[in-house]
Amino acid sequence: MLQDKRNLVAGVLRRGLSDVFGLDHDPVVEVPPQRRLGDLASPCALHLARELRQAPRAIAERLLEAVDPPAGFNRITVEGPGYLNFHLDRTGFAAAMIDAVPVARSATVDSRAKVIVEHTNINPNKAAHIGHLRNAVLGDVLARALRRLGQTTEVQNYIDDTGVQVADVVVGFLDLRGCSVADIEALPEPFDYVCWDIYSEVGRWYDGDPQRLELRRRTLHALETGEGRRAEAGRLVARRIVVRHLATMARIDIDYDLLTRESEILRLDFFVAAFEQLKETGAVRFEESGKNAGCWVMPLADSEEFQGLEDPDKVIVRSDGTVTYVGKDIAYQLWKFGLLGRDFEYARFEGALPWETAPSETDAGADDGDRFGEGSRVINVIDARQAYLQRIVRAGLEALGHQDEARDSIHFAYEMVALSAKTAERLGFSGDARLEMSGRKGIGVKADDLLDQLEAKSRDEILERRGDDGNDEAGEDVDLLARQIAVAALRFFMARATTTRVIAFDIDDATSFEGESGPYLQYSIVRARNIRRRLREEGLAQEVPGSRVAGLPAGVWSDDLWDLVLFASQCQEVVERAAATLELSLIARHAVDLAQKFHAIYHRHPILHEQDADLRDARLAVTQVFERSLEALAAILGVPLPERM
RNA sequence: GCGCCCGUAGCUCAGCUGGAUAGAGCGACGGCCUCCGGAGCCGUAGGUCAGGGGUUCGAAUCCCUUCGGGCGCACCA
């Protein structure tokens, strides 16, 4: 909503600057810090003071003479050191906000182009931990934001089912514990928790006798060829773990369009196709001698951005003929853009949603019309520690001559989640600083454990409140509500952190339902809905139409009421900026600031007991605007909004 | 050694392309339920924006530098 007004203001200022000073200047338009100062402001007079050799205020005064308020504005004032401040017609703007869509299709989005978002990507060999949750929540919020803005979006979750991590767990079952494949199959849930322990156990077992690493190598090779007992065990482990990961993510409303399995990349010789291209273009070369003798490497020494590396070459094919992760990822990235020249086969995972890459059974999936891949932009949500590898993948595309696709290969980097010193200590890990999680060492907080804890706490809080008024709800209602509150708490906690900052995960902080939290958002909306419910019970109109708002006298809009309307009108541009910059915390922050403004107004401006009809309707209008705006932001954040708490 | 990220209130963090008195949550202290639910609101205390230079009418914000802390720089992913 506000973006249109910004453009109007910029337009009249640009014309004014041209008419009065003969300047071609693109004026900055911002929202001033206080409502009494106005609603949009430009510091252009300050910016031009030097060039024009005049005092900023004098420039502003002259512009004021030459410029008329654009449509929807009442007046223009000069404030402070020389700001030109534009004051909106509050009644007209508020009436328009009643009927506006808070976050709509973006004019900047090309709906024919598809964006592929890859996220989660957890190695299928152990339970998900809270670090994985950060990845999944960021990826999911990004996908929701893009879709809300009208962007065709495909979410992929990469399953490395042929890697070292799966191999280690297979060794753990077969060699360390002496299990058969049938034994693994018979293990009860939670299977991912069993693997969590085995994985760290195997690490210690290797340390006990380095000879045992030969078992890892043998298993890894079996996983790649897909043949034999070890491969069978690997498939079983990966499949059972993926089922668990999907269940964990489903608890917080995260799902996927496609699971891409590395084993299929191997089976279908994706790398062979990519390798041909790499060889043809000279992007890789065979090393006859030296440190990397017998390997195919991608030379990086000539590249500006890889200066200062210890080794200026990156191994793509090892001397034993196996392919490194980077090699496979280049092939995968090429496929995402439709540049590989071949495609996966598809089937429903476990016979249900989502799709996975798999040998197609008969002609299943041929008639669904779904087409995966062929994105025009690819966003990989991967933690910042892998920035170097992502740059190499991009360099691979460049070397193949795909400059545009290299530019549109975006690494959405975020910092890791570590444990706060206090939380680490509570879990039995000593330390005086924050502690990095490690699946290999078994250090971390499992996602399901955190969710269980959040749900238990939610239930306690609900029952405590229900007990007071004696109105017990049905038990299953409490369960649903407890889940919703837990989801809100977790998702908001992950989404509110800026991507460049390491999260020091503190259990008390993460499970707080006060202040800047998911439940705080929920409570604000519950209050708004309570008001409307009470109005209905009193036989009063629970909604006020835009036409009625348009007739309200200007005096009803006190600065605080008006401030919320103006703030709500910025939802669209906040979401657009968040999607464009990949700084999703902007959305979380806007949501919590909006809720804060509403909570404050709630206490100052009663609706039900207000006798003045104009005042009452103005307040109700603000409540409506608030409700619809927060609903839109919460939907993007994946925060469910209950009717009552 | 090279590269990336961080250093703002006791703690956890916001501060957008430089601009109007440096903000919020938690914690501390003090208030607010005859009035739409106190998972809330209002107020008080608390900051040489790590240090030092520079650019500018103006710097938490941009540049340089120093000092702390984190993470990368594999024939692991």
Side-chain angles (χ1 to χ4, degrees), chain A residues 28 30 32-34 37 41 43 46-47 49-50 55-56 79-83 85 121 123 160 163-165 220 262 291-297 305-311 314-320 322-326 328-329 382-389 413 415-416 418 420 433-434 436 440 458 461-462 464-465 468-469 485 496-504 506 508-509 512-517 519-520 522-524 526-528 530-535 537-538 574 577 581 583 585-586 589 592-593 596 599-610 623 644-645:
Chain A
V28 170
E30 56 196 26
Q34 289 171 25
L37 294 171
L46 285 75
H47 292 161
R50 185 176 175 76
E79 306 282 354
Y83 285 94
N85 288 19
N121 300 4
N123 275 303
D160 182 5
V164 175
Q165 299 215 16
L220 193 52
E262 186 165 281
K291 178 172 169 287
N292 296 325
C295 299
W296 286 87
V297 302
E305 65 172 324
F306 292 106
Q307 291 305 303
L309 289 182
E310 284 174 15
D311 185 347
K314 178 67 194 176
V315 171
I316 303 297
V317 180
R318 302 182 186 102
S319 53
D320 66 359
T322 57
V323 183
T324 62
Y325 159 80
V326 179
K328 286 177 272 198
D329 214 32
I382 302 176
D383 82 82
R385 288 172 294 188
Q386 297 195 45
Y388 163 71
L389 288 170
E415 286 291 342
M416 63 166 172
S420 75
R434 67 182 182 211
E436 182 175 353
R440 192 166 288 278
S458 305
E461 302 252 348
I462 295 162
E464 196 178 311
R465 287 169 176 76
D468 286 349
D469 60 14
I485 291 170
R496 74 170 174 171
T498 48
T499 55
T500 51
R501 197 180 275 274
V502 175
I503 293 181
D506 187 84
D508 293 329
D509 197 17
S512 166
F513 295 169
E514 292 170 4
E516 295 172 349
S517 70
Y520 180 90
Q522 294 177 312
Y523 188 53
S524 69
V526 163
R527 283 185 145 170
N530 274 346
I531 291 170
R532 295 203 288 108
R533 198 187 70 247
R534 290 281 290 113
L535 286 169
E537 286 169 8
E538 299 291 324
V574 166
R577 190 149 47 93
T581 61
E583 189 46 87
S585 63
L586 293 171
R589 179 124 316 265
V592 79
D593 287 348
Q596 232 167 48
H599 273 305
I601 282 171
Y602 176 89
H603 286 276
R604 279 195 294 264
H605 300 282
I607 293 174
L608 202 60
H609 303 282
E610 177 55 54
T623 302
R644 313 179 74 158
M645 290 175 75

Side-chain heavy-atom pair A:Ser458, A:Phe513 within 4.5 angstrom cut-off: yes
Taking any heavy-atom pair under 4.0 Å as a contact, classify A:Leu535: base, sugar-phosphate, or nothing. nothing
With RNA chain B as reference, determine whether A:Lys328 or A:His599 sits nearer its 5' end, using the nearest nucleotide of each. A:His599
A:Ala600 near the nucleic acid: base, sugar-phosphate alone, or nothing, with a heavy-atom cut-off under 4.0 Å? sugar-phosphate
Please report the distance, rounded to the nearest Å, between CG in A:Asp506 and C1' in B:U12. 9 Å
Using heavy atoms to find the nearest nucleotide of RNA chain B for A:Ile503 and A:Pro519 separately, return the residue whose nucleotide is more 5′. A:Ile503
Which is true for A:Asp383 with a 4.0 Å heavy-atom rule: it touches a base, it touches only sugar-phosphate, or it touches nothing? nothing
Side chains of A:Glu514 and A:Ser512: is there a donor and an acceptor less than 3.5 Å apart? no
For the pair made of CG in A:Leu608 and P in B:G37, what is the distance, rounded to whole Å? 9 Å
B:C49 versus B:C62 - spacing of their C1' atoms, nearest Å: 16 Å
What is the distance, rounded to the nearest whole Å, between atom CG of A:Asp508 and atom C1' of B:G25? 15 Å
Grab the N/O contacts between the protein and nucleotides 54-63 of chain B below 3.5 Å, and write none if there aren't any.
unit_1: B:C57; atom_1: OP1; unit_2: A:Arg50; atom_2: NH1; d: 2.1

Select one nucleotide: of B:A20, B:A77, B:G40, the one nearest the side-chain heavy atoms of A:Asn123. B:A77
Identify each atom pair where a protein N or O and an N or O of nucleotides 67-71 of chain B are less than 3.5 Å apart, giving names and distance.
unit_1: B:C71; atom_1: OP1; unit_2: A:Glu436; atom_2: OE1; d: 3.3

Ignoring hydrogens and angles, state whether a donor on the side chain of A:Arg527 or A:Asn530 is under 3.5 Å from an acceptor on the partner side chain. no
If the P atom of B:C11 is compared with that of B:U48, how far apart are they to the nearest Å? 13 Å
If you check the A:Met645 side chain, which of B:G37, B:A24, B:C41 turns out closest? B:G37
Mind calculating the distance between CZ (A:Arg644) and C1' (B:G37) to the nearest angstrom? 9 Å
Give one of base, sugar-phosphate or nothing for A:Ser319, where a contact means two heavy atoms less than 4.0 Å apart. base
Has the side chain of A:Asn292 got a donor or acceptor atom that lies under 3.5 Å from a matching backbone atom of A:Cys295? no
In whole Å, what is the span from the CD atom of A:Gln386 to the P atom of B:C5? 18 Å
Within this structure, what is the CZ-to-P distance between A:Arg501 and B:U8, rounded to whole angstrom? 7 Å
Report yes or no: do A:Glu583 and A:Thr499 form a side-chain donor-acceptor pair below 3.5 Å? yes
For atom CG of A:Asp593 and atom P of B:G23, their distance in whole Å: 14 Å
Scan A:Ala293 against the nucleic acid and name what it touches under 4.0 Å (heavy atoms): base, sugar-phosphate only, or nothing. base
Using a 4.0 Å heavy-atom cut-off, does A:Phe513 contact any base of the nucleic acid, only the sugar-phosphate backbone, or nothing at all? base
State which of B:C5, B:A39, B:A77 makes the closest approach to the side chain of A:Glu514. B:A39
Under 4.0 angstrom, heavy atoms only, what part of the nucleic acid is A:Ala413 near: base, sugar-phosphate, or nothing? nothing
Determine the interatomic distance between P on B:G15 and the same-named atom on B:G23; round to the nearest Å. 15 Å
Do A:Met416 and A:Glu436 have side chains that approach each other closer than 4.5 Å (heavy atoms only, starting at C-beta)? yes
A side-chain contact here means heavy atoms from C-beta on lying under 4.5 Å apart; do A:Leu586 and A:Thr581 qualify? yes
Would you indicate which nucleotide in B:C6, B:A39, B:C36 comes nearest to any side-chain atom of A:His609? B:C36
Contact check, side chains of A:Gln522 and A:Ile485, non-hydrogen atoms, under 4.5 Å: yes
Where the side chain of A:Asp509 is defined as all heavy atoms beyond and including C-beta, which of B:C41, B:C75, B:U12 is the nearest nucleotide? B:U12
In whole Å, what separates the P atom of B:C2 from that of B:U65? 11 Å
Which whole-number value in Å describes the distance from A:Leu586 CG to B:U17 P? 10 Å
Using atom P of each nucleotide, how far apart are B:C71 and B:G18 to the nearest Å? 32 Å
Would you say A:Leu220 and A:Thr322 make side-chain contact, with heavy atoms under 4.5 Å? no
Same-atom distance (C1') from B:G43 to B:A20, integer angstrom: 25 Å
Indicate, with a heavy-atom threshold strictly under 4.0 Å, whether A:Asp160 touches base, sugar-phosphate, or nothing. sugar-phosphate
Look at all strands and tell whether A:Leu389 reaches a base, only sugar-phosphate, or nothing, counting heavy atoms closer than 4.0 Å. base
Can you check the distance between B:C35 and B:G40, where both ends of the measurement are the C1' atom (answer in whole Å)? 15 Å
Can you tell me, in whole Å, how much space there is between the C1' of B:C32 and that of B:G70? 44 Å
Read 5' to 3' with Watson-Crick or G-U pairs under 3.5 Å, [ ] for crossing pairs and | for partners on another strand, RNA chain B gives (((((((..((((.....[...)))).(((((.......))))).....(((((..]....))))))))))))....
From the set B:G40, B:A39, B:G25, return the single nucleotide nearest to any side-chain atom of A:Gln596. B:G25
